Amino acid sequence: MATASVATDFSEGENHEAHHETFITKYIFSTDHKMIAKQFLISGLIWAFIGGLASMFIRMQLGFPKQSLELLRPILGKWITESGTLDPEMYLGMVTMHGTIMMFFVLTAGLSGTFSNLLIPLQIGARDMASGFMNMLSYWFFFVASLIMLASFFVESGPAMGGWTAYPPLSAIKDAVSGSGTGMTLYILGFLFFIVSTTLGSINYIATIVNLRTKGMTFNRMPLSVWSFGITAAIGVLSFPVLFSALLLLFFDRSFGTSFFLSELYVNGKALANQGGAPILYQHLFWFLGHPEVYIIFLPALGITSEVISTNSRKPIFGYQAMIMSMLGIFVLSFVVWAHHMFVTGMNPFLGSVFMLLTLIIAIPSAIKGFNYLTTLWQGNIIFRPAMLFSIGLVSFLFSGGMTGIILGNAVLDIQLHDTYFVVAHFHLVMGSAAFFGMMAGVYHWFPKMYGRMMNDTLGKIHFWMSFAGTYLVFFPMHYLGIAGFPRRYYSFTGFDFTSSFVNLNSFISVAAFITFSAQLIFVANFVYSIFRGKKAPLNPWKSNTLEWTTPTAAPGHGNWDGPLPMVYRWPYDYSKPGAEDDFIPQNVPFSETESSNLENETDELTNPWKEFERLQKLND
């Protein structure tokens, strides 16, 4: 009976039929996880350009407040004043939309949506996601959210202008500013669709990892990238519904006269009818998602970095189990630190001290990952490909941005630095820039698997060095601005004596930002050209161990492997193993084929429960 059961499983893998698809089912309403990954990637890159452009408008205003922006009138229309400056309300709109786009539509959907979709089935040896239809819905809910959010730029009253956190009462009262009207309504609706998309995707990722791992792919043999994607999905499932409820209640306050977040308020000298609500309640609900969101963005980038650093150091990842435990620690702690964003709300000092302690504790698992990366790099045979450079850049931001996080985690210091440019510098380094560098590392590393071609290494290195130097030149000086008391989100600093002396530094930051933005155009040119004209990629260009490199080179068909699914015998980091013929041993290579490098306990009989299956199949052959 056991033999028959094994044979049935194997034949089902062998007789996997190719999907015959039309143009629409293959490229538009696709259920293939690899195509959906490309859809998320292209959409994320488009949003990155839009979000980056918004930041350029912000930097033009801050760096050159007296310079006429008349050239932008064809783009911004009435939002360029008669004097040629950016309208103050539209400035706040740009700040709002830049933060929202980059955090959610680029670094959540564009990063996690791309690489969770691409790598989870390929790296665990699955044909596809647990539900291809749900996966398709996830992208199209994101696409609808994108259309709604983009439409808010074109309404007469302008986009949302309540900050990317959308705090009430500014976001709850339609007459507060022009962007509190239709633009804010579209903002909330777009966000609600986005949350549905993210939740659908997260459930699918978890179900796939738990249920569809190939034979021999135990949890202890999963790549750290898959661990990071799975933990990220679990965080999203638990936290995003909380923000959904907050935005739904905010929509009710705006449209149906409820008072969940509104209390005794006056607008233009007129008392509102709302009573009994609490704006602080919205902050609690928002930041219960807001801080886990930091790790929803950051953990996938760390997972990608783990693969890239180990592969390009030609060394096993240092502390595999410790890396997993640190991610699980981050998963737990990320839900109990949210109120460190609210130290200035009048919080009870004792409660503040609790959140301060938890905030400092969460630095420990993050530091474990950082030091493990350094130990992996130490004395490795490092190959400085673009993906490796971007991964090393991420590690740099992890330490430099993480150190300022310890400062802000201290309630006493945070009260002084809260809502200054010190905070802007901190989260742009440790989360924004680090996650973006992780995303770029992933694109360069897995581009051959996505498109079957190679990107240009020289252009990739130019892209890295311009981005890396530019990022530090933009955000490092902001720490000094914050210590000097510069408040964030202010339209102009020329009206105050103590801030006017820093106009030249703001101009320097703006020039560095323009150069950094231009570096991304090099990437776009390299990316688009390589899709069509890049050098054709070999089967395993980086000599990696994970299962995705065992599939056909150019975007394997729906089902990933033509024949049976691969079997897994070992962990994914057997690089430069003493006694081995090559400096890498893929996961699907049995120990019986690498006897010269096997350790005492590394035999197929002891470590692979499917050895009997393999023996019976050889008999059948």
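The figures that follow rest on heavy atoms only: side chains count, while hydrogens, waters and symmetry mates do not. These numbers were taken from a predicted model, which means no experiment stands behind them.
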Exercise for review: Sequence neighbours left out, what passes side chain to side chain donor-acceptor pair (under 3.5 Å) with S396? Give chain and number order.
Suggested key: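 Counting only residues at least two positions away or on another chain, S396 forms a side chain to side chain donor-acceptor pair (under 3.5 Å) with Y472.
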Residues [X] and [Y]: side-chain donor-acceptor under 3.5 angstrom:
{"X": "N117", "Y": "Y205", "result": "yes"}
{"X": "H558", "Y": "D128", "result": "yes"}
{"X": "K369", "Y": "S306", "result": "no"}
{"X": "S225", "Y": "Q123", "result": "yes"}

Taking the six-membered ring for Trp, are [X] and [Y] ring centroids under 6.0 Å apart?
{"X": "F194", "Y": "F105", "result": "yes"}
{"X": "F390", "Y": "H445", "result": "no"}
{"X": "Y187", "Y": "F191", "result": "yes"}

Classify the ring geometry of [X] against [Y]: parallel below 30°, tilted from 30° to 60°, perpendicular beyond 60°.
{"X": "W164", "Y": "W287", "value": "perpendicular"}
{"X": "Y573", "Y": "W571", "value": "perpendicular"}
{"X": "F331", "Y": "F335", "value": "perpendicular"}

Point to revise | For F437 against T471, the heavy-atom pair lying closest together | key: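 Result for this residue pair: CE1-OG1, 4.1 Å.
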Check your understanding: Looking only at heavy atoms, what is the nearest atom pair of T551 and L539, with distance?
Key ->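 Answer, listing the atom of T551 first, then L539: O-CD1, 3.1 Å.
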Counting neighbours of [atom1] on [X] that are heavy atoms of other residues, nucleotides or ligands and sit closer than 6.0 Å, is the number greater than 12?
{"X": "F193", "atom1": "CZ", "value": "no"}
{"X": "F318", "atom1": "CZ", "value": "no"}
{"X": "F219", "atom1": "CZ", "value": "yes"}
{"X": "F143", "atom1": "CZ", "value": "no"}

Review point. With respect to Y282, which candidate in F251, F288, F260, F261 satisfies the ring pair (Phe, Tyr, Trp, His ring centres under 6.0 Å) definition?
Key: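 The ring pair (Phe, Tyr, Trp, His ring centres under 6.0 Å) with Y282 is passed solely by F261 among F251, F288, F260, F261.
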Point to revise | L302 and L394, any side-chain heavy atoms less than 4.5 Å apart | key: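 Contact flag for L394/L302 side chains = yes.
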Exercise for review: Kindly determine whether F40 and W47 satisfy ring pair (Phe, Tyr, Trp, His ring centres under 6.0 Å), including the steps that lead there.
Suggested key: CA-CA 10 Å; F40 271 110; W47 271 120; over 10 Å; no
Practice item. Go through the steps to decide whether Y529 and R453 satisfy the test side chain to side chain contact (heavy atoms under 4.5 Å, CB included), and finish with yes or no. Key: CA-CA 10 Å; Y529 179 85; R453 295 181 181 271; over 6 Å; no
